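This structure is a prediction, so every number in the text was calculated from the model and none was measured. As a basis for the values below, the full set of heavy atoms in this structure was taken, side chains included, without hydrogen atoms, waters or symmetry mates.
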Amino acid sequence: QNFHTKNLQFIICLSMDRESFPITSDPIKKLSQYCQKLENFASVEERSSLSLNLTNFIKLFVQYLDNRSKSLTHEWSQIKPIPSEELPLYSSVGSVSNDISRSLLDKLVVVKLNGGLGTTMGCEGPKSLITVRNDMTFLDIVVKQIQYINSTYQANIPLVLMNSFNTDRETNRLRDRYKSQILFYTFCQSKFPRIEKETLLPLVSDISDADSSIWYPPGHGDFYQSYINSGLCDEFLKMGKEYLFISNIDNLGATVDLKILNFIHNQPNIPFGSKPCEFLMEVTEKTRSDVKGGTLVYNNGIKYLLEIAQVPKQYIDEFLSVHKFRIFNTNNLWVRMSAIKRIINNNSLQMEPIVNVKTLENGTKVIQLENAIGAAIKCFDGSIGLNVPRSRFLPVKTTSDLLSLLSDLYCLESDSGNIFMNPLRSFPSVPLVKLGCNHFGKLKEFLERFEDIPQMLELDHLTVSGDIRFGKNVTLKGTVIIIANPGERIDIPMGSTLENKVISGNLRVLDH
C-alpha cells in the first residue's frame with residue numbers, strides 16, 4: 001500500500017514538474033525519463049495530448065509493478081461466487097409505465113466501445129463498419145435501435161463512440177451521415193506505447209513513428225479516464241443526463257432497456273447495501289460457448305471481476321466450470337455519471353492491470369498493459385450484478401458467431417433494428433458452432449463457401465473443419481460434424497438435410 005501511495009503521488013507530480021520530486025523506484029525512474037525524452041521531441045500541438053497519454057501510461061505501469069509480486073494463488077481460497085440471492089433476476093425487475101418512460105430516457109446516454117478492428121475476421125478498418133445483416137453494419141444497426149426508441153418515446157438519447165487511434169479517423173468520416181439521425185458523439189481513448197519485456201522500456205523512440213506494432217489502445221478499462229478527459233461527462237451532466245449504458249459495439253443484443261434503467265434509478269436502496277446503486281453489471285448464465293468469460297465474484301468480501309488472464313494455471317479448470325462459476329459478465333454496464341466524475345477526481349479508481357505478452361513479427365517480446373472496464377465495479381457504491389436473459393448477449397467475435405446471426409436462428413426487426421431469437425426455435429439455448437479457422441476464419445473465404453446460409457433452426461452443435469463448401473437450401477439439425485481430410489474437399493449438395501451426422505473424408509459434387 002505504501003509503495004502504491006508514494007508512486008501515486010509521483011504520478012500526480014509528474015504531470016506538473018518531473019524534475020522536482022523524488023524518484024521512488026528505479027524502473028519508474030527509467031521509464032519516466034524515457035517518456036520525458038519523447039515529450040521533448042514532440043511538437044507544441046502534440047505535446048499536451050502526448051503528456052496526458054504518457055502520464056496515464058506510467059500510472060498503469062506503477063500498478064503493474066505493484067501487482068507483479070502478487071498472485072491470486074495465495075488468495076484463491078478467498079475467491080467466492082456471488083450468491084444467487086445477490087444477483088436479482090431480470091424477470092423480478094418491475095415494468096415501467098409509459099408516462100415516466102420519456103423522463104427516464106432523457107437521463108440516459110448510450111456508449112459503445114468502438115476501439116476494435118475487424119482483423120480477426122480478415123477485414124481492414126473498424127469492426128463496427130463490417131456488414132453483418134441485411135446490408136447493415138454494426139454501427140448502422142446500433143443507430144437504428146437508438147433512432148427507433150427516440151422516435152417511440154419522443155426522447156433524445158445521444159450515442160457516444162469510444163474510438164481507438166485505430167478506428168477514430170475512419171469512424172469520424174461517417175459522423176455527418178449519423179448526425180442527421182441522432183445526437184452522435186465520438187472521443188478517442190488513450191494511446192500507450194508497448195514496452196519491451198526485457199528492458200521494461202517503450203519500443204517507440206520517435207513519436208512520429210506510426211508503426212502500429214509499437215502503440216496500442218489500453219483496453220476498454222481506459223474508458224473512465226478518457227471519458228472525463230474528453231469533456232463529454234461535464235457536457236452531459238449540464239444537459240441533465242445522469243446515466244451511461246455502456247456495451248461493446250459488436251454485441252447486438254445490448255439494447256436500451258427501460259426496466260433496467262428504472263431499476264437503477266428508482267431503487268437506490270437495494271437489499272444488499274444501504275448506498276444508492278451507482279454501477280450495474282449485466283451477467284448471464286454460462287454456456288459451452290463462453291466458459292472463458294470474466295465472472296463476478298467476491299474476493300476477500302469485495303465484489304471483483306475475475307478474468308481468465310488473472311487465474312493461476314492450476315485453477316483454470318475450476319474457473320471454466322459452469323458448476324462453481326455459473327455466470328459471466330456480458331460487458332453491458334449501467335453507470336451513474338456523477339460517480340465516475342467523483343472517482344476520477346478523487347483518484348480512487350483502482351483496477352488490476354491485465355498483462356498481455358505478445359511476440360512481434362521480428363521476434364521481440366513485448367508487454368501491453370490493459371484494464372477491463374468491468375473491473376471498476378469495486379470502486380462504485382452499491383454496485384450490483386443483474387442476471388439477464390441470454391438474449392442481451394449476442395456478440396459477433398468470429399465467423400462462427402456470424403453464421404448463427406445470418407441464419408434463421410435470429411430475426412431482425414426492420415423498424416427497430418432489434419435482433420432476437422427466432423420464436424420458432426423450440427428451445428432457447430444457442431447452438432455451439434465451430435468453424436475451422438484455416439478455411440472459414442476470414443470473412444471473404446467464409447462467404448465464398450456458402451451458396452446461401454444453411455437453415456439452423458433445430459441445430460444443437462456444428463463443427464466444420466477443412467475444405468468444405470455448402471450448396472443452396474442446406475438444413476442442419478441436431479449435432480453435425482463435417483471434417484475434410486487434408487488436401488481433400490467435401491461439397492454438401494444443394495437441398496441436403498443433415499441431422500445428427502458425422503461426415504469425413506471427401507465428397508465432390510461436379511456439374512454434369
Could you check K341 against D234 for salt bridge (Lys or Arg N to Asp or Glu O under 4.0 Å), going step by step and ending with a plain yes or no? CA-CA 9 Å; K341 185 174 180 178; D234 286 333; 2.8 Å; yes
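- The heavy-atom pair separating P428 from M421 by the smallest distance is O-CE, 3.6 Å.
- Under the 3.5 Å distance criterion, the side-chain polar atoms of S151 are left unmatched by any main-chain donor or acceptor of Q147.
- Side-chain atoms of Y224 and I343, non-hydrogen and from C-beta on, never get closer than 4.5 Å to each other.
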Step by step, would you call D290 with T287 a side chain to side chain donor-acceptor pair (under 3.5 Å)? CA-CA 6 Å; D290 32 56; T287 69; 3.2 Å; yes
For a side-chain contact (heavy atoms from CB on, under 4.5 Å) check, start with the C-alpha distance between V62 and I28, then their side-chain angles and the critical distance, and finish with the verdict. CA-CA 7 Å; V62 169; I28 299 174; 3.6 Å; yes
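- Judged by distance alone, the side chains of K127 and N248 never bring a donor and an acceptor atom under 3.5 Å apart.
- When all heavy atoms of N67 and E352 are compared, the closest pair comes out as OD1-CG, 4.2 Å.
- Taking the centre of each ring, Y227 and F223 come in below the 6.0 Å mark.
- Remark: the backbone N or O of P126 is not paired with any side-chain donor or acceptor of T167 at under 3.5 angstrom.
- Considering only heavy atoms from C-beta on, Y64 comes within 4.5 Å of V355 through its side chain.
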Mind running side-chain contact (heavy atoms from CB on, under 4.5 Å) on L443 and I130 for me, showing each step along the way? CA-CA 10 Å; L443 184 60; I130 294 175; 3.9 Å; yes
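- Residue K259 qualifies as enclosed at atom NZ: its count of foreign heavy atoms under 6.0 Å is above 12.
- Few gaps surround CD on E307; more than 12 heavy atoms of other groups in view lie less than 6.0 Å from it.
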Start with the C-alpha gap between T137 and D140, add the side-chain angles, then the distance that decides, and say whether side chain to side chain donor-acceptor pair (under 3.5 Å) holds. CA-CA 5 Å; T137 66; D140 290 335; 3.1 Å; yes
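- Counting only distance, with no hydrogens or angles, the side chain of T55 and the backbone of L52 share no donor-acceptor pair below 3.5 Å.
- K397 forms no cation-pi arrangement with F138, by the criterion of a distance under 6.0 Å to the ring centre and an angle within 45° of the ring axis.
- F393 places a side-chain heavy atom less than 4.5 Å from the side chain of N251.
- Using a 4.5 Å heavy-atom cutoff, the side chains of F184 and L161 are in contact.
- Checked for salt-bridge contact, D106 and R102 meet the test: a charged N lies under 4.0 Å from a carboxylate O.
- Within the 4.5 Å cutoff, the side chain of T463 has no heavy atoms near those of the I482 side chain.
- Taking the charged nitrogens against the carboxylate oxygens, E278 and R342 do have a contact shorter than 4.0 Å, which makes a salt bridge.
- Of the possible polar contacts, one joining the H220 side chain to the I373 backbone as a donor-acceptor pair under 3.5 Å is found.
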Starting from the C-alpha separation in whole Å, work towards a yes-or-no answer on side-chain contact (heavy atoms from CB on, under 4.5 Å) for I260 and L280. CA-CA 9 Å; I260 300 177; L280 184 147; 3.9 Å; yes
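- Of all the heavy atoms in I141 and G417, the pair that sits closest is CG2-O, 3.4 Å.
- When all heavy atoms of S128 and N114 are compared, the pair lying nearest together is OG-OD1, 2.7 Å.
- For Q368, the side chain to side chain contact (heavy atoms under 4.5 Å, CB included) criterion is met by R194, Y216, N356, K358, E370, not counting sequence neighbours.
- Remark: the backbone N or O of I264 is paired with a side-chain donor or acceptor of R336 at under 3.5 angstrom.
- A cation-pi geometry, defined here as NZ or CZ lying under 6.0 Å from the six-membered ring centre and within 45° of its normal, does not hold between K303 and Y298.
- The shortest non-hydrogen separation linking Q310 to L305 is OE1-O, 3.5 Å.
- Judged by distance alone, the side chains of W76 and E318 do bring a donor and an acceptor atom under 3.5 Å apart.
- Using a cutoff of 4.0 Å between basic side-chain nitrogens and carboxylate oxygens, R390 and E285 are not scored as salt-bridged.
- Of the N and O atoms on the side chains of T295 and N329, not one donor lies less than 3.5 Å from an acceptor on the other residue.
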Determine whether K59 and N347 satisfy the following criterion, side chain to side chain donor-acceptor pair (under 3.5 Å), listing intermediate values before the conclusion. CA-CA 11 Å; K59 182 176 180 179; N347 209 24; 2.6 Å; yes
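- Comment: K107 engages E242 in a salt bridge, judged by a side-chain N to carboxylate O separation of less than 4.0 angstrom.
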Carefully, step by step, assess D257 and V388 under the rule side-chain contact (heavy atoms from CB on, under 4.5 Å). CA-CA 11 Å; D257 189 286; V388 300; over 6 Å; no
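- Two residues are said to be in side-chain contact when any heavy atoms from C-beta on lie closer than 4.5 Å; M281 and W334 fail this criterion.
- Closest approach of S190 to P218, counting heavy atoms only: O-CD, 3.3 Å.
- Side-chain atoms of L402 and R133, non-hydrogen and from C-beta on, never get closer than 4.5 Å to each other.
- Atom NZ of K365 has 12 or fewer heavy atoms from other residues, nucleotides or ligands within 6.0 Å.
- Within the 3.5 Å criterion, the main-chain N or O of C379 finds no donor-acceptor partner in the side chain of S383.
- In this structure, K378 fails the cation-pi test against Y304, since its NZ or CZ atom is not both closer than 6.0 Å to the six-membered ring centre and inside 45 degrees of the ring normal.
- Taking 4.5 Å as the limit, every side-chain heavy atom of T186 sits out of range of all side-chain heavy atoms of M162.
- Of the possible donor and acceptor atoms, none in the side chain of D460 sits under 3.5 Å from a partner among the backbone N and O of K477.
- Within the 3.5 Å criterion, the main-chain N or O of N500 finds no donor-acceptor partner in the side chain of T479.
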